[in-house]
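Just below is one structure, and these are the notes that go with it.
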Amino acid sequence: MLSLLCLMLFVARVFSSSTPVAGIFPQDPALRMGSSLTATCTVSPERGLHANTMYWTLNGKRLPSSTYDLLSPNCLSVTLHHLNGSQQQSGDNLVCHSGDGHVLAGSCLYVGMPPEKPVNLTCWSRNTKDLSCKWTPGGRGETFIKTKYTLKYKLRWYGRERECEDYSTGQRYTCYIPRDLALFTPYEIWVEASNQLGTATSDVITLDILDVVTTDPPDNVHVSRVGELEDQLTVRWGSPPALKDFLFQAKYQIRYRLEDSTEWKVVDDVGNQTSCRLAGLRAGTVYFVQVRCNPVGIYGSRKAGIWSDWSHPSAASTPHSERLQSGSCEPKPGEQNSTLRRELKQFFGWVRKHAYGCSGMSIKLYDQWRVWLQKSHKTRNQIL
């Protein structure tokens, strides 16, 4: 970087003088990858330099004399074939030197490819007042020279074309529009890519801000045991705070996994409630749980919103099974029916003693019986 700065200062000083030492043609060309270039370095006769004593470097590396051609006592050319993409987006440094190593003149070579059409343009709003959009460069994405991406938008039926200005979100190929957006009317949005070799434009997408609303993940996610039931956990969470003042219905999804697993199991049928009981879990096992939200029907929009990110993982463990710890075996397949009949007989016998009326027949009552059954096994094991 320091050598490049010195070179720029030197070249600026040389060419600003009334009698320039030398000049390179073409100056700062933009070339497609794979193309060839012939550049000439011409020195001023007043300097007393002879071209056959000069040499060329590219990015600090001396080029072989076999690529040179002495055109006149004051002019030396160099020919480069099958150029590769520039090593840096600011261009490659092609420099002409005198025989003693002094820099006579320099030129930047911009070798790359024109941009291809940007793809996968998507947008979302977190509070109905802003809009964020992201996209993917077309093709392989690498142009080897500086390429500018500009997000543009306008109201579909009227209004002037505008450009997004905030690209400082910390993510590449993303732009943020913080304000001055209209509701209940569609926008046309597209991305333009341009560099010194050409331009390309993405497909235009049309959207209404209310149809692309998302939220922050649900907060205050808590996971807890259901009494002493070894196969269940309860999950509770809070509604998204950013949209609490808007008219919408929220759909939720839960996913959970074992502590030592990377595979998630998703629960889709949570609806708009803010609690859910997970059943059929392993006893004595740690589970990680996450929740996400999809706002639906904001201000009467008929389209589903966009799922939020998943909440930070929350964890809890199911109780250990007392029956398994006591050394008893799980029933064999042939014994399952008789075991079920025996447990149902115990359950209804217990209901006659503890429940009064039809209101007692509920899942809560069944849970109480499961707890009583586990405690009775525990007491019997302690006596034995």
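Heads up: numbering here begins at 1 and tracks the sequence.
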Hydrophobic cluster partners of V235 (side-chain heavy atoms under 4.5 Å)
V221, V223, L233, W237, Y252, I254, Y256, L258, V267, V270, L278, L281, Y287, V289, V291
Apart from L71 itself, what residues make up its hydrophobic cluster, given side-chain heavy atom links below 4.5 Å?
none
When you group the ILVMFWY residues by side-chain heavy-atom contacts below 4.5 Å and let the links chain together, are W124 and W190 in the same group?
no
Would you check if [X] and [Y] make a side-chain contact, meaning some heavy-atom pair closer than 4.5 Å?
X: W307; Y: C293; result: no
X: I306; Y: V213; result: no
X: L207; Y: C123; result: yes
X: T136; Y: L121; result: no
X: I189; Y: L131; result: yes
X: V119; Y: W135; result: no
X: Q89; Y: F144; result: no
X: W56; Y: L94; result: yes

What pair of heavy atoms forms the shortest contact from [X] to [Y], and how long is it?
X: T57; Y: G60; result: CB-C, 4.2 Å
X: Q290; Y: W264; result: OE1-CH2, 3.1 Å
X: Q232; Y: T318; result: O-CG2, 4.1 Å
X: L151; Y: C133; result: CD2-CB, 3.8 Å
X: A51; Y: S72; result: CB-O, 3.6 Å
X: R292; Y: W310; result: NE-CZ2, 3.4 Å

Say whether, by atom type as modelled, one donor and one acceptor occur between the side chain of [X] and the main chain of [Y] under 3.5 angstrom.
X: T285; Y: A283; result: yes
X: T199; Y: A193; result: no
X: Q171; Y: T174; result: no
X: R32; Y: V111; result: no
X: T234; Y: R277; result: no
X: N93; Y: N59; result: no

Does R162 make a cation-pi contact with Y153, if we ask for NZ or CZ under 6.0 Å from the ring centre and within 45° of the axis?
no
Can you tell me how the ring of Y55 sits relative to the ring of H97, calling it parallel under 30°, perpendicular over 60° and tilted otherwise?
parallel
Measure the [atom1]-[atom2] distance between [X] and [Y] for me, rounded to the nearest 0.5 Å.
X: S86; Y: M33; atom1: OG; atom2: CE; value: 9.5 Å
X: T150; Y: E165; atom1: OG1; atom2: CD; value: 11.0 Å
X: L210; Y: S125; atom1: CG; atom2: OG; value: 8.5 Å
X: T185; Y: W157; atom1: OG1; atom2: CH2; value: 5.5 Å

I need the single residue from P118, S202, S194 that forms a side-chain contact (heavy atoms from CB on, under 4.5 Å) with Y149. Which is it?
P118
Tell me the disulfide bond (SG atoms under 2.5 Å apart) pairs involving residues 158-190, sequence neighbours left out?
C164-C175
Inter- and intrachain pairs under disulfide bond (SG atoms under 2.5 Å apart), touching residues 23-71, at least two apart
C41-C96
Partner residues of D309 under the side chain to side chain contact (heavy atoms under 4.5 Å, CB included) criterion, sequence neighbours left out:
R126, P217
Just jot down the side chain to side chain contact (heavy atoms under 4.5 Å, CB included) partners of Y110, sequence neighbours excluded, or say none.
D28, A30, C108, I145, Q196
Residues which pass disulfide (SG to SG under 2.5 Å) with C276, listed by chain and number, not counting sequence neighbours:
none
Scan the side chains in residues 74-81 for donor-acceptor partners under 3.5 Å anywhere in the protein, sequence neighbours excluded, and list what turns up.
residue : atom : partner : partner atom : Å
S77     : OG   : D69     : O            : 3.1
T79     : OG1  : T38     : OG1          : 3.1
H81     : ND1  : S36     : OG           : 3.2

Donor-acceptor pair between [X] and [Y] side chains, under 3.5 angstrom:
X: S98; Y: R47; value: no
X: E46; Y: S44; value: yes
X: D130; Y: Y176; value: yes

Restricting to pairs with a member in [range], which pass salt bridge (Lys or Arg N to Asp or Glu O under 4.0 Å), not counting sequence neighbours?
range: residues 189-198; result: K152-E192
range: residues 180-191; result: K154-E188
range: residues 101-118; result: K117-D203
range: residues 80-105; result: none

